[in-house]
Amino acid sequence: MLQLTEAEVLEKIRQRIPFEARLSDGSLIIRISEYQPYIATAIHHGHRLRGDLAGKCNLSETERYYEEDPYTGDFITSLPIVLQGEDSRYEYDLNRPIESCIYKTAWGKSVWSEGISEDERALSISKHQCYYRILGCLVDTLESQFDLCLLYDIHSYNYQRIEQATPVFNLGTSQLNKRKWHKEINRLLRLLNDVELPNLEVNAEVNSVFKGQGYQAAFIKENFANTLILPIEVKKVFMNEMSGDAFPLVIEKLKEAMKTVITEHAAATIQRRTKVKRLTGSHILSSRLPREVIKLDRQLFSLARGINTLSYINPTNLKQEKRRFLHRPHDYLPGFTYRQLDIDPYKFREQLYRLPVDEIRDADIQKMYRRVIDQLAVRIDLLTSIGHEEFLYNSLKYYGQPDQQDIANANFILHAREYQAQETPSISASDAIGMFKTAADEYGISCKIVGSKQLIARAMVSGRNIKVNMSCQFSPTDLNALIHHELGVHMVTSVNADKQPLKVLKLGLPGNTHTQEGLAILCEHLSGNFPLHRLKTLALRVIAVDKMVRGESFNETYNSLVTEHGLSPDDAFTITARAYRGGGFTKDYLYLKGLRDALVYYRQGNLTSLFVGKTGFEFKPLLDELITREILHRPDYLPKALTQAGNSDPVINFMLNSIK
């Protein structure tokens with residue numbers, strides 16, 4: 001971080017140069033990643049009370065924690081303009097006028113006691129004046145550029161020694177023109193009341209604890225007619241105010257909440273008070289990809305790029321074991337073998353959890369990478385246990401298992417009577433490869449389409465390759481569906497991910513299997529290549545996974561698919577082997593679940609952001625935000641099925657509308 005003098009900071013602000021710096025006296029950190037018409041301050045965040053000063057003030061550790069405002073600066077790190085105090089309030093209080101530098105703590109102890117020299121007092125006054133010169137310059141610059149400025153002033157307050165009930169958020173409005181700003185005040189209250197924190201009941205009130213009478217509010221009121229300051233006090237529910245112990249989960253949620261509350265409030269205010277139209281919170285966040293995110297993203301990709309789950313889980317002796325099993329389906333149990341894992345799992349986990357996620361300031365981006373890292377740790381556990389009893393446990397951790405609703409949906413589909421004559425498979429694997437190549441040329445995508453004898457699936461995407469099962473023949477409808485599935489979604493998202501600045505979209509976000517397969521099946525449906533027998537196959541996969549999880553043997557599941565559901569031996573073996581490979585692979589129930597969820601998102605509106613790479617439904621709001629901020633590029637390729645008329649088959653439409 002740069003060390004700058006006051007004069008250097010002021011010059012950068014006047015020239016509207018983005019920067020991050022600590023004042024050379026150590027009192028303040030200022031970060032401007034982009035000039036937007038709002039500021040967030042946490043001027044008492046600092047808790048660097050010097051030991052000698054603590055002694056002079058005769059303060060115990062408990063008293064120090066009680067008087068400080070720790071972590072408040074962490075709540076606003078996602079925002080583009082942040083001023084954060086680095087020294088303790090015991091040295092100076094930026095919310096008090098400089099004439100009031102002698103004041104008392106909650107216990108009546110004089111902070112400026114006889115042990116404090118006049119030089120130290122003068123230094124604190126100097127820091128006070130320096131801060132307000134910087135703040136004034138910044139507000140003036142923003143008012144000149146935008147005709148409006150908002151200042152969100154974050155503090156915390158103690159409550160464990162207060163007998164009466166107090167709100168989680170207190171908005172101090174005593175120095176505000178409430179007639180002019182009443183809509184903005186009420187909107188902020190509503191947003192704060194909507195915040196959710198773990199194991200806490202959240203409420204927000206006005207002037208219930210403090211009334212916003214600090215010097216910073218007075219300074220803004222007296223000097224800037226077009227700036228609204230909103231002092232927000234946060235109850236210290238994020239820590240033990242006696243001992244100083246932090247509650248990390250609450251802090252994490254507060255970071256996310258403050259980002260949402262402040263940006264949504266600022267966007268609505270700017271839109272109402274200026275000529276700007278159609279503004280959202282995403283538009284007023286920084287459009288620059290932070291360096292700490294780029295650094296972590298590159299490190300993560302370098303570490304995890306070689307972990308392809310299916311390449312390890314697909315049996316290497318599938319063809320031979322299928323032949324043996326079909327010869328003796330009642331008493332022969334397949335003995336699958338697998339590719340050796342060429343990753344050191346212990347070293348991988350160690351490196352994974354050393355990645356500098358804490359350096360990421362944006363709360364939602366940080367949360368995304370934390371989730372990715374946790375998922376990769378579970379995935380390596382999954383791969384190290386292939387062929388062993390614990391594989392099923394790790395698969396359940398990674399993919400989950402069918403719930404009662406999933407099973408009910410599957411049974412509902414399986415009760416439907418066939419009303420279509422199934423097409424006879426007449427297209428060879430070689431001809432299918434040619435049709436895949438033609439479709440890739442129509443997309444303008446450069447990829448390889450090759451045959452393989454080691455697949456359970458009829459086709460699959462691996463990197464920039466599409467592998468076609470050479471043991472299969474295809475009907476026209478099934479092949480068209482495969483093209484929309486494998487090329488139109490899996491390959492399209494692979495190619496789009498290659499062009500994104502964040503390589504994590506190539507690795508895959510949590511839930512990407514659920515999302516990818518759901519979108520791929522959706523595109524089969526929209527393209528008009530989704531017959532009832534295909535929908536039933538997805539339902540049978542749910543049933544097979546459920547039987548496997550409940551402890552039924554490979555043979556029992558296979559025989560159930562043949563005798564109860566009328567599958568051919570070949571199809572029954574494929575569905576059963578998919579569920580039992582590795583020792584119990586639960587992934588296949590996600591196809592139907594993913595289709596259900598993809599349909600929900602499709603009916604709600606634009607799916608574009610989900611095709612930027614290997615995404616997850618839960619991250620769609622963040623992906624939309626990052627595209628709006630121009631951190632992510634809009635995808636170059638989208639599935640052709642999205643622009644097609646859709647499946648007009650009333651039976652299929654009825655059934656898809658009925659699954660829950």
Side-chain angles (χ1 to χ4, degrees), residues 4-23 27-45 72-73 76 79-86 92-98 126-155 171-178 180-181 184-185 188 212-232 258 262-263 265-276 279 284-286:
L4 298 180
T5 64
E6 177 191 340
E8 291 170 328
V9 167
L10 294 174
E11 184 62 22
K12 286 185 180 295
I13 292 172
R14 293 186 186 109
Q15 295 186 24
R16 297 183 182 138
I17 298 172
F19 69 99
E20 179 178 1
R22 177 182 283 111
L23 276 185
S27 62
L28 180 71
I29 287 178
I30 178 169
R31 186 179 73 256
I32 304 176
S33 54
E34 190 168 293
Y35 284 83
Q36 294 284 355
Y38 68 108
I39 305 165
T41 64
I43 54 179
H44 292 148
H45 162 80
T72 50
I76 56 175
L79 305 175
I81 304 179
V82 172
L83 277 67
Q84 177 180 305
E86 278 289 276
Y92 62 102
D93 188 338
L94 294 177
N95 254 346
R96 292 177 179 268
I98 58 176
S126 174
K127 289 178 178 180
H128 187 285
Q129 294 171 329
C130 170
Y131 173 81
Y132 282 101
R133 284 192 293 268
I134 291 172
L135 179 64
C137 178
L138 180 56
V139 173
D140 185 61
T141 298
L142 297 179
E143 277 197 355
S144 299
Q145 182 175 352
F146 299 103
D147 298 323
L148 173 74
C149 181
L150 304 169
L151 197 160
Y152 300 89
D153 184 23
I154 312 300
H155 296 271
L171 186 57
T173 65
S174 65
Q175 301 197 65
L176 303 188
N177 182 337
K178 287 179 277 295
K180 178 179 179 180
W181 300 107
E184 284 72 21
I185 293 169
L188 184 55
Q213 296 173 328
Y215 182 67
Q216 184 160 252
F219 174 79
I220 294 297
K221 179 182 178 181
E222 291 169 10
N223 294 284
F224 299 98
N226 294 323
T227 294
L228 168 63
I229 182 170
L230 292 159
I232 303 171
M258 283 298 180
I262 291 175
T263 55
H265 183 269
T269 303
I270 295 163
Q271 185 167 309
R272 181 170 182 266
R273 296 279 178 174
T274 69
K275 296 179 180 179
V276 176
L279 196 67
I284 57 172
L285 287 163
S286 175

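Positions are given from 1, in the same order as the sequence printed here. All heavy atoms count here, side chains included; hydrogens, waters and symmetry mates do not.
- Of all the heavy atoms in L285 and Q36, the pair that sits closest is O-NE2, 4.2 Å.
- Side-chain atoms of T5 come within 3.5 Å of backbone N or O of E8 as a donor-acceptor pair.
- Listed by chain and number, the residues in a salt bridge (charged side-chain N to carboxylate O under 4.0 Å, His left out) with E11 amount to none (sequence neighbours excluded).
- Proximity of P18 to S33: side-chain heavy atoms (C-beta onward) are nowhere separated by under 4.5 Å.
- Y38 places a side-chain N or O within 3.5 Å of a backbone atom of I284 that can act as its donor or acceptor partner.
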Going through the checks in order, is the side chain to side chain contact (heavy atoms under 4.5 Å, CB included) test met by L148 and L228?
CA-CA 8 Å; L148 173 74; L228 168 63; 5.9 Å; no
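- The list of side chain to side chain donor-acceptor pair (under 3.5 Å) pairs with a residue in residues 217-227, not counting sequence neighbours, reads E143-T227.
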Criterion side chain to side chain contact (heavy atoms under 4.5 Å, CB included) on I232 and D153, from CA distance to verdict:
CA-CA 6 Å; I232 303 171; D153 184 23; over 6 Å; no
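- Checked against salt bridge (charged side-chain N to carboxylate O under 4.0 Å, His left out), E184 has the following partners two or more places apart in sequence or in another chain: R272, R273.
- Nearest heavy-atom pair across E34 and I81 is O-CG1, 3.5 Å.
- Between the Q175 side chain and the G214 main chain, a donor and an acceptor come within less than 3.5 Å of each other.
- In this structure, CG in D147 is found 8.0 Å from OG1 in T274, a value given to the nearest 0.5 Å.
- When the ring pair (Phe, Tyr, Trp, His ring centres under 6.0 Å) test is applied to Y152, the partners found at least two apart in sequence or on another chain are H265.
- Between C137 and L10, the shortest heavy-atom distance links the atoms CB-CD2, 3.5 Å.
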Should Q271 and V276 be marked as a side chain to side chain contact (heavy atoms under 4.5 Å, CB included) after you check the CA-CA gap, both sets of side-chain angles, and the distance that decides it?
CA-CA 5 Å; Q271 185 167 309; V276 176; 5.6 Å; no
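- The salt bridge (charged side-chain N to carboxylate O under 4.0 Å, His left out) search around R14 returns none, not counting sequence neighbours.
- Note that CG of L142 is 5.0 Å distant from CD1 of I39, once rounded to the nearest 0.5 Å.
- Distance check: M258 CE to L79 CG gives 10.0 Å after rounding to the nearest 0.5 Å.
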What's the verdict on side chain to side chain contact (heavy atoms under 4.5 Å, CB included) for V9 and L28, showing C-alpha distance, side-chain angles and the deciding distance?
CA-CA 11 Å; V9 167; L28 180 71; over 6 Å; no
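- Taking the salt bridge (charged side-chain N to carboxylate O under 4.0 Å, His left out) definition, one finds that R16 meets it with nothing, sequence neighbours left out.
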